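Notes to accompany the following structure.
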Amino acid sequence: MEDKLGVRGTELFDEVDARLSEIKRLFTQFAGDAPSPGDSRKTPFGRLDLARIILWGRALLEREVAQDLFADPAFNILLTLYVSRADGKDVSTSAACTASGVPTTTALRWINALARRGMIHKRSLATDRRFTYLELSEKTGAALDRYFDLILDRAAHPTAP
């Protein structure tokens, strides 16, 4: 594959493969955990599930309603890094740009802004400095954990003040 498409083609293939595997895992999880009619048990739903649903919902909103009105590159990047961290997968700068939902130059500005604020860290490969990977800072990861916990708590108690 590298002969025809080069390194970028390999990255794209890996990204598509990873996303398809994740979609398959989610469908399998929901199909296997779905309560049968009359079954009152609830499927456990955690932070990571919520992050994945929000990512999916954001892409759906942009696709079905209006992409130019709902772009939120910083949030898309943070959600992508959150999910990838839990999955133990590295996120390249180019993959984060794609996940942002905006043009590459705009995405790079957002990535740099997030890095300047200490919300994400850039990591280059020792063997090849052309490749930069992004990861959440511990503080940002903890803040997203709290964010998801608050949403999950509200979902469990919708009438709470």
Side-chain angles (χ1 to χ4, degrees), residues 1-2 4-31 43 45-125 128-155:
M1 178 168 231
E2 285 191 43
K4 290 184 179 180
L5 297 175
V7 173
R8 177 69 180 138
T10 302
E11 287 178 9
L12 287 172
F13 177 80
D14 290 344
E15 184 176 332
V16 168
D17 186 53
R19 289 181 189 254
L20 288 173
S21 295
E22 181 59 26
I23 290 168
K24 180 181 175 186
R25 188 194 69 75
L26 285 171
F27 277 122
T28 302
Q29 176 186 346
F30 285 121
T43 303
F45 195 81
R47 296 173 182 157
L48 189 56
D49 299 309
L50 181 57
R52 285 188 171 105
I53 291 293
I54 291 172
L55 266 174
W56 174 80
R58 292 199 42 69
L60 185 65
L61 180 66
E62 292 169 12
R63 187 182 77 228
E64 298 296 326
V65 180
Q67 183 175 6
D68 60 330
L69 292 178
F70 299 105
D72 189 353
F75 193 45
N76 287 350
I77 291 166
L78 293 176
L79 286 170
T80 299
L81 293 175
Y82 185 88
V83 169
S84 296
R85 179 182 69 173
D87 291 341
K89 296 180 181 175
D90 289 331
V91 176
S92 67
T93 299
S94 61
C97 287
T98 301
S100 73
V102 295
T104 301
T105 54
T106 304
L108 290 171
R109 281 195 300 274
W110 280 103
I111 289 168
N112 288 329
L114 292 168
R116 277 192 307 276
R117 289 179 177 225
M119 297 178 78
I120 64 173
H121 301 294
K122 296 179 181 182
R123 177 177 45 86
S124 296
L125 289 177
D128 191 343
R129 296 275 183 211
R130 293 176 296 172
F131 294 101
T132 303
Y133 292 93
L134 307 176
E135 54 193 30
L136 286 178
S137 69
E138 289 301 316
K139 185 176 179 181
T140 302
L144 287 171
D145 284 345
R146 288 189 304 277
Y147 170 76
F148 294 129
D149 286 345
L150 288 168
I151 292 172
L152 291 168
D153 187 56
R154 176 51 63 114

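Quick caveat: nothing in here was measured; it's all calculated off a predicted structure.
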In terms of heavy-atom contacts, Phe75 and Arg58 come closest through CD2-CD, 3.7 Å
For a 4.5 angstrom cut-off between non-hydrogen side-chain atoms, does Leu79 reach Val83? no
Check whether any side-chain heavy atom of Ile77 lies under 4.5 Å from a side-chain heavy atom of Leu81, and answer yes or no. yes
At their closest point, which heavy atom of Cys97 faces which heavy atom of Ser100, and how far apart are they? O-OG, 2.6 Å
CZ/Arg123: more than 12 non-hydrogen atoms of other groups inside 6.0 Å: yes
Considering all heavy atoms, the nearest Leu136-Gly141 contact: CD1-CA, 4.1 Å
Validation row: Leu69, Leu61 side chains within 4.5 angstrom (heavy atoms): no
Test item: Asp153 side-chain N/O and Asp149 main-chain N/O as donor-acceptor pair under 3.5 Å: no
Considering all heavy atoms of both residues, which atom of Asn76 and which atom of Leu55 are nearest to each other, and what is their separation? O-CD2, 4.1 Å
For Gly46 versus Leu152, what's the shortest heavy-atom pair and its separation? C-CD1, 3.7 Å
Report the distance from atom CG of Leu48 to atom CG of Asp87, rounding to the nearest 0.5 Å. 6.0 Å
Side chains of Ile111 and Lys122: does their closest heavy-atom pair fall under 4.5 Å? yes
If you look at every heavy atom in Ser137 and His121, which pair is closest and at what distance? CB-NE2, 3.3 Å
Any side-chain heavy-atom pair from Tyr133 and Leu125 closer than 4.5 angstrom? yes
OG1/Thr140 to CG/Leu114 distance, rounded to the nearest 0.5 angstrom? 8.0 Å
Could you tell me whether Glu138 atom CD has more than 12 heavy atoms of other residues or ligands within 6.0 Å of it? no
Out of curiosity, Ile151 CD1 to Phe45 CZ, how far, rounded to the nearest 0.5 Å? 10.0 Å
Measuring from atom OH of Tyr82 to atom CD1 of Ile54, what distance do you get when rounded to the nearest 0.5 angstrom? 10.0 Å
Would you compute the distance between atom CG of Leu50 and atom CZ of Phe148 and round it to the nearest 0.5 angstrom? 5.5 Å
Rounding to 0.5 Å, atoms CG (Asp72) and CD (Glu62) come to a distance of 8.5 Å
